[in-house]
Amino acid sequence: MENRKMDLRIVKYFLLAAVLVLCIRYFDVLLLAVGKLWGIAVPLTMGCVIAYVLNIIMRALERLYFPKAKKGLAQKSRRPVCIILSLVLIVAVIYLVFQLVVPELVQAIGIIGAGIPVLFEQATDWLVANAEVFPGIAEELDSLQIDWNSLGQNVLNYLKAGVGGVLNSTVSIVSSVVSSVVNFVIALIFAIYILSNKEKLADQGKRIVRAYVKPGWRQVAKRIVCTADQAFSSFIIGQMTEAVILGTLCTVGMLLCRFPYAPMIGAFIGATALIPIVGAYLGAAVGVIMIMTQDPLKAVLFVVFIVVLQQLEGNLIYPKVVGSSIGLPGIWVLAAVTVGGGLLGISGMLLGVPTAATVYKLLAVDVNERNSRPAGKRKPQRPVNKGGEHPAKRTEKRPEK
């Protein structure tokens, strides 16, 4: 029997070694196949992500939509009505942000483009007027005789030529857009199906796991899935709450300080605050550029305002709303955002924090369990008597006859 088990192990090791050698030998073919499979699975993966985010909102709505109804129309309509309300709520928020941000941003970019030549001319005139302070720079600029209007016209012509080149590839762009739209529609339909039948799908998944996975591995998988679900859901809820609070505080503060573009910049900073740590600074950079088109001094004051608001948000709001909810120290949040952004960009920043929180919690639980094991499970030590000799080695003296 033992020989047979040993033979099976040897066969398994040989098969694993053969598979590894084949993967290394045909790595390019394997990579191409994985890429094709991933392209096919993209809408399904997107559907799972959309379903997971919508499920958080849907559960909150289901607790408000006739929660005590056990039968009748209210009970039957709870799930479809809450799904529709979740979609409508997300679409309304996205539309509101775009409606506030995009028109003002386009106008600000036009103002900046028109003001750059004037700004350069004013700077050149100022340097020439102050030649005694900057003699070398003034003489150099005066000798250049830059025509900023013609320079701007050349830049516009270059951009037009670039646009013409882009228009030549209209077919590929349109096909890419159509493919993205089709993938999104498939993902949305798949997400709605998952949400409509999530209890049935969960029961089927449990039955499959019970049939093919050993009990020990089931416990490990259950712990990992539950911890990841708690970390990701807490992160999404906390990040959305923190973004709403930060956007509201920014809008109210800018209105009180009489900064221009207050609703637009507040909404944009709230939207970019969904990216941990660095998101609000990206929104603030756009806000500085837009305010600079109206009043450069107010742009400087806005930078001071944002720094104060970020200190308030980073030290009070974020730790209470997000940090405590996911249970991840600030140093690891920064490390997760840095590593995730370096690997996958913005999506990596979003996924890095809850992933790190999941690993952190699992590691903390495992370490605590190992350190709190009872002493009975360790190797027992043989007791020693007062004389320093083990009882087993002690010899009894026989009575003399």
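Fair warning: this is a prediction, and the values are worked out from it, not measured in the lab. The figures that follow rest on heavy atoms only: side chains count, while hydrogens, waters and symmetry mates do not.
In terms of heavy-atom proximity, A243 sits nearest to G270 at CB-O, 3.1 Å. Minimum interatomic distance between A284 and I306 (heavy atoms only, all atoms of both residues): CB-CG2, 3.7 Å. Pairing each heavy atom of T251 with each of A267, the nearest pair is OG1-N, 4.3 Å. Nearest approach of A231 to P354, heavy atoms of both residues: CB-O, 3.8 Å. Taking every heavy atom of both residues into account, M58 and C82 meet most closely at CG-CB, 3.8 Å. Taking every heavy atom of both residues into account, G287 and F302 meet most closely at C-CE2, 3.9 Å.
With rounding to the nearest 0.5 angstrom, the CG atom of L255 is 9.5 Å from the SG atom of C250. Here the straight-line distance linking atom CD1 of I40 with atom CG of N183 works out to 11.0 Å at 0.5 Å rounding. Between the CD1 atom of I265 and the CD1 atom of I291 there is a distance of 4.0 Å, given to the nearest 0.5 Å. To the nearest 0.5 Å, atoms CD1 (I84) and CD1 (I192) are separated by 8.5 Å. In this structure, OG1 in T358 is found 10.0 Å from CD1 in I224, a value given to the nearest 0.5 Å. Between L61 atom CG and R78 atom CZ the span is 12.0 Å, to the nearest 0.5 Å.
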All N/O donor-acceptor pairs, side-chain side in residues 43-52, below 3.5 Å, sequence neighbours left out:
{"from": "T45", "atom 1": "OG1", "to": "A41", "atom 2": "O", "distance (Å)": "2.9"}
{"from": "Y52", "atom 1": "OH", "to": "D229", "atom 2": "O", "distance (Å)": "3.0"}
{"from": "Y52", "atom 1": "OH", "to": "D229", "atom 2": "OD1", "distance (Å)": "2.9"}
{"from": "Y52", "atom 1": "OH", "to": "S233", "atom 2": "N", "distance (Å)": "3.3"}

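For T355 (side chain) and G352 (main-chain N/O), no donor-acceptor pair under 3.5 Å exists by modelled atom type.
Residues meeting the side-chain hydrogen bond (donor to acceptor under 3.5 Å, both in side chains) test with N55, sequence neighbours left out: K198. A271 pairs by the side chain to side chain contact (heavy atoms under 4.5 Å, CB included) definition with V97, not counting sequence neighbours. Listed by chain and residue number, I90, F98 satisfy the side chain to side chain contact (heavy atoms under 4.5 Å, CB included) test with I94 (two or more places apart in sequence, or in another chain). Taking the side-chain hydrogen bond (donor to acceptor under 3.5 Å, both in side chains) definition, one finds that N197 meets it with nothing, sequence neighbours left out. In this view, V252 and T248, L256 satisfy the side chain to side chain contact (heavy atoms under 4.5 Å, CB included) rule, not counting sequence neighbours. Under the side-chain hydrogen bond (donor to acceptor under 3.5 Å, both in side chains) criterion, D366 pairs with R370, not counting sequence neighbours. Remark: C257 engages F259 in a side chain to side chain contact (heavy atoms under 4.5 Å, CB included) (not counting sequence neighbours). Checked against side-chain hydrogen bond (donor to acceptor under 3.5 Å, both in side chains), Y193 has no partners two or more places apart in sequence or in another chain.
Residues in residues 215-224 take part in these side-chain hydrogen bond (donor to acceptor under 3.5 Å, both in side chains) pairs, two or more places apart or across chains: R223-E369. Screening residues 57-69 for side-chain hydrogen bond (donor to acceptor under 3.5 Å, both in side chains), with sequence neighbours left out, gives E62-R79, Y65-S77. The salt bridge (Lys or Arg N to Asp or Glu O under 4.0 Å) analysis of residues 200-217, with sequence neighbours excluded, yields no pairs.
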Review point. Would Q230 and K361 count as a side-chain contact (heavy atoms from CB on, under 4.5 Å) if you check the C-alpha gap in whole Å, the side-chain angles of each, and the deciding distance to 0.1 Å?
Key: CA-CA 10 Å; Q230 182 182 4; K361 288 183 178 181; 4.0 Å; yes
Exercise for review: Check step by step if side-chain contact (heavy atoms from CB on, under 4.5 Å) holds for Q75 and F66.
Suggested key: CA-CA 8 Å; Q75 190 271 336; F66 300 104; over 6 Å; no
Practice item. Tell me, with the steps shown, if L188 and L87 meet side-chain contact (heavy atoms from CB on, under 4.5 Å). Key: CA-CA 10 Å; L188 186 60; L87 291 171; 3.8 Å; yes
Review point. Between L309 and L246, is a side-chain contact (heavy atoms from CB on, under 4.5 Å) present by the stated rule, with each step listed?
Key: CA-CA 8 Å; L309 182 62; L246 184 61; 3.9 Å; yes
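Side chains of L54 and L195 form a contact here, defined as non-hydrogen atoms less than 4.5 Å apart.
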